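Here the structure is a predicted model, which is why all the values come from computation and not from measurement. Proteins get letters first, then strands, A, B, ... in listed order; numbering begins at 1 in each.
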Amino acid sequence: GAVVSQHPSWVICKSGTSVKIECRSLDFQATTMFWYRQFPKQSLMLMATSNEGSKATYEQGVEKDKFLINHASLTLSTLTVTSAHPEDSSFYICSASSSPHEQYFGPGTRLTVT
Amino acid sequence: AQTVTQSQPEMSVQEAETVTLSCTYDTSESDYYLFWYKQPPSRQMILVIRQEAYKQQNATENRFSVNFQKAAKSFSLKISDSQLGDAAMYFCAYSLVSGAGSYQLTFGKGTKLSVIP
């Protein structure tokens with residue numbers, strides 16, 4: 001099956017700094033990538049949808065200036081959490097898709113902001 | 001807007017027994033996809049099974065099968081011969097086939113399944 005990687009798997013950063021998370025589709029070209037946030041024991045919350053070469057579409061309530069998403073190629077999307085604060089600590093998951101009925105998930109990134 | 005409801009926050013099943021997880025959804029569309037995803041403690045999301053709404057036949061994947069009731073907007077997952085490795089969070093999800101947002105998944109809140117040895 002299709003493989004999606006995320007890097008890093010776990011990152012600790014200091015409050016006020018920025019951190020970048022990479023999402024790569026390793027063996028297919030993803031026309032669309034998604035970024036989710038998941039709090040402990042909760043479901044996945046869609047943050048934004050990105051299509052290669054165009055601006056990301058953010059869900060209501062998600063600050064686009066805080067969560068910068070870049071989808072530079074058909075195999076790479078990045079999420080940058082700018083000026084991170086402790087409340088941004090969470091589990092971030094990306095997924096990649098080339099068709100509506102197939103979405104492949106990365107293993108997730110645990111962000112801890114101290 | 002589409003919504004997905006999983007009314008069972010937690011379920012448990014004896015090893016080798018059968019368990020059914022419930023899911024209902026709300027949509028005004030006639031063509032869509034429904035999914036069950038498994039999230040084990042590793043937190044890697046794994047696709048368990050997928051159903052296309054225009055197909056009347058219920059999808060099956062080995063020990064996993066669904067009962068898709070389109071009129072009732074119900075999509076339950078049956079796990080037969082439960083194994084310890086089936087213990088996980090299970091999420092029901094919905095997506096459109098075409099149009100705006102057709103690639104997006106709408107998830108339910110999940111059901112935590114425990115398997116008792």
Which atoms of [X] approach chain B - backbone, side chain, both or neither, heavy atom under 4.5 Å:
{"X": "A:Thr31", "answer": "side chain"}
{"X": "A:Gln42", "answer": "backbone"}
{"X": "A:Ser9", "answer": "neither"}
{"X": "A:Glu59", "answer": "side chain"}
{"X": "A:Tyr36", "answer": "side chain"}

ask   = Within a strict 4.5 Å, meaning less than it, do heavy atoms of the B:Gln69 and B:Asn67 side chains meet?
value =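 With C-beta onward as the side chain, the pair touches.
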query = Where on B:Tyr32 is there a heavy atom nearer than 4.5 Å to chain A: the side chain, the backbone, both, or neither?
reply =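 Looking at B:Tyr32, nothing touches chain A.
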query = Heavy-atom distance under 4.5 Å to chain A: side chain of B:Gln39, backbone, both or neither?
reply =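 It is the side chain, since no backbone atom gets that close.
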ask   = What are the residues of residues 107-117 of chain B, in order of number, with any heavy atom under 4.5 angstrom from a heavy atom of chain A?
value = B:Phe107, B:Gly108, B:Lys109
query = Could you name the residues of residues 44-55 of chain B that have a heavy atom within less than 4.5 Å of a heavy atom in chain A?
reply = B:Gln44, B:Met45, B:Arg50
key: Ring geometry between A:Phe67 and A:Tyr92 (parallel below 30°, tilted from 30 to 60°, perpendicular above 60°)   = tilted
ask   = So among A:Ser50, A:Ser54, A:Ser77, which one has a side-chain hydrogen bond (donor to acceptor under 3.5 Å, both in side chains) with A:His71?
value = A:Ser50
Test log, rule side-chain hydrogen bond (donor to acceptor under 3.5 Å, both in side chains), inputs A:Thr49 and B:Gln104 = CA-CA 8 Å; A:Thr49 302; B:Gln104 291 182 4; 3.3 Å; yes
remark   = Of the listed A:Thr57, A:Leu44, A:Leu46, the one with the largest count of heavy-atom pairs under 4.5 Å with chain B is A:Leu44
query = Can the positive tip of A:Arg37 be found less than 6.0 Å from the middle of the six-membered ring of A:Phe91, inside 45° of the ring normal?
reply =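 Not satisfied by the 6.0 Å and 45° rule.
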ask   = Got a salt bridge between A:Lys20 and A:Glu22, using NZ or NE/NH1/NH2 to carboxylate O under 4.0 Å?
value =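 The answer is no: the pair does not qualify as a salt bridge.
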query = Taking the six-membered ring where the residue is Trp, are the ring centres of B:Phe35 and B:Phe91 under 6.0 Å apart?
reply = no
